[in-house]
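This is a predicted model, so every value here is computed, not measured.
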Amino acid sequence: MRPPAGLAVLGVTLLLSACQSAGEGTAPAVLERNDAETMAKLRDVLARAMGEARIDLGAGDPTQASKISVLPRPLASVEGRSLARPAYFDIGIRHGRCVLTRRDTGQIFALDEIPCRPLAR
């Protein structure tokens with residue numbers, strides 16, 4: 001028995017959109033600068049990507065490594081322990097534009113005002 005045609009079209013659409021959001025065609029990159037202005041712009045993009053007003057970056061220099069970690073929110077005074085883990089993003093160049101790709105969801109976020117360069121290997 002064949003599935004309805006609409007179901008097949010939906011399956012193909014979901015497959016194609018998953019491939020596009022997974023960072024296919026994105027080359028690893030690093031930021032050109034890590035001055036205060038650049039880092040403020042980066043934090044703004046990451047805060048929007050996380051749905052937070054403010055974020056804290058993990059250790060590392062985004063001018064040297066293409067991976068960025070965003071630390072989980074600090075615990076409130078009434079909370080005991082948290083199982084929250086950092087969120088990881090990869091810096092890349094996609095179609096000539098600098099982007100961030102969130103590793104757990106594959107979502108891509110533009111870094112329009114933040115210059116980057118290909119990662120030297």
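Considering all non-hydrogen atoms of both residues, Thr26 and Gly92 come closest at CG2-CA, 3.7 Å. The shortest heavy-atom contact between Cys98 and Pro115 is SG-C, 4.1 Å. The shortest non-hydrogen separation linking Ser66 to Val30 is N-CG1, 3.9 Å.
With values rounded to the nearest 0.5 angstrom, Thr101 atom OG1 is found 4.5 Å from Ile108 atom CD1. With rounding to the nearest 0.5 Å, the separation of CZ in Arg85 from CG in Leu71 is 13.5 Å. Atom CG of residue Leu111 and atom CD1 of residue Ile91 lie 7.5 Å apart, to the nearest 0.5 angstrom. A distance of 7.5 Å separates CG in Asp61 from CE in Met39, rounded to the nearest 0.5 Å. Going from atom CG of Asp44 over to atom CD of Glu113 covers 9.5 Å, rounded to the nearest 0.5 Å. To the nearest 0.5 angstrom, Lys41 atom NZ is 8.5 Å from Asp35 atom CG.
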Item to check | Stepwise salt bridge (charged side-chain N to carboxylate O under 4.0 Å, His left out) check, Glu32 with Arg117 | outcome: CA-CA 6 Å; Glu32 287 186 3; Arg117 58 182 166 75; over 6 Å; no

Next on the checklist: One pair to check against side-chain contact (heavy atoms from CB on, under 4.5 Å): Leu46 and Leu42. What are the steps and the verdict?
Outcome noted: CA-CA 6 Å; Leu46 287 165; Leu42 177 64; 3.8 Å; yes

Item to check | CA sep, side-chain torsions, deciding dist, call: Arg103, Phe89, side-chain contact (heavy atoms from CB on, under 4.5 Å) | outcome: CA-CA 6 Å; Arg103 284 188 179 180; Phe89 292 81; over 6 Å; no

Checklist entry - Should Val99 and Ile93 be marked as a side-chain contact (heavy atoms from CB on, under 4.5 Å) after you check the CA-CA gap, both sets of side-chain angles, and the distance that decides it? => result CA-CA 6 Å; Val99 297; Ile93 298 175; over 6 Å; no

Which atom pairs, one a donor and one an acceptor, fall under 3.5 Å between side chains of residues 47-59 and the rest of the protein, sequence neighbours left out?
from: Glu52; atom 1: OE2; to: Arg73; atom 2: NE; distance (Å): 3.3
from: Arg54; atom 1: NH1; to: Asp56; atom 2: OD1; distance (Å): 2.9

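In the displayed structure, Arg97 atom CZ is contacted under 6.0 Å by at most 12 heavy atoms of other residues, nucleotides or ligands.
No continuous path of ILVMFWY side-chain contacts below 4.5 Å connects Ile68 to Leu119, so the two sit in separate hydrophobic clusters.
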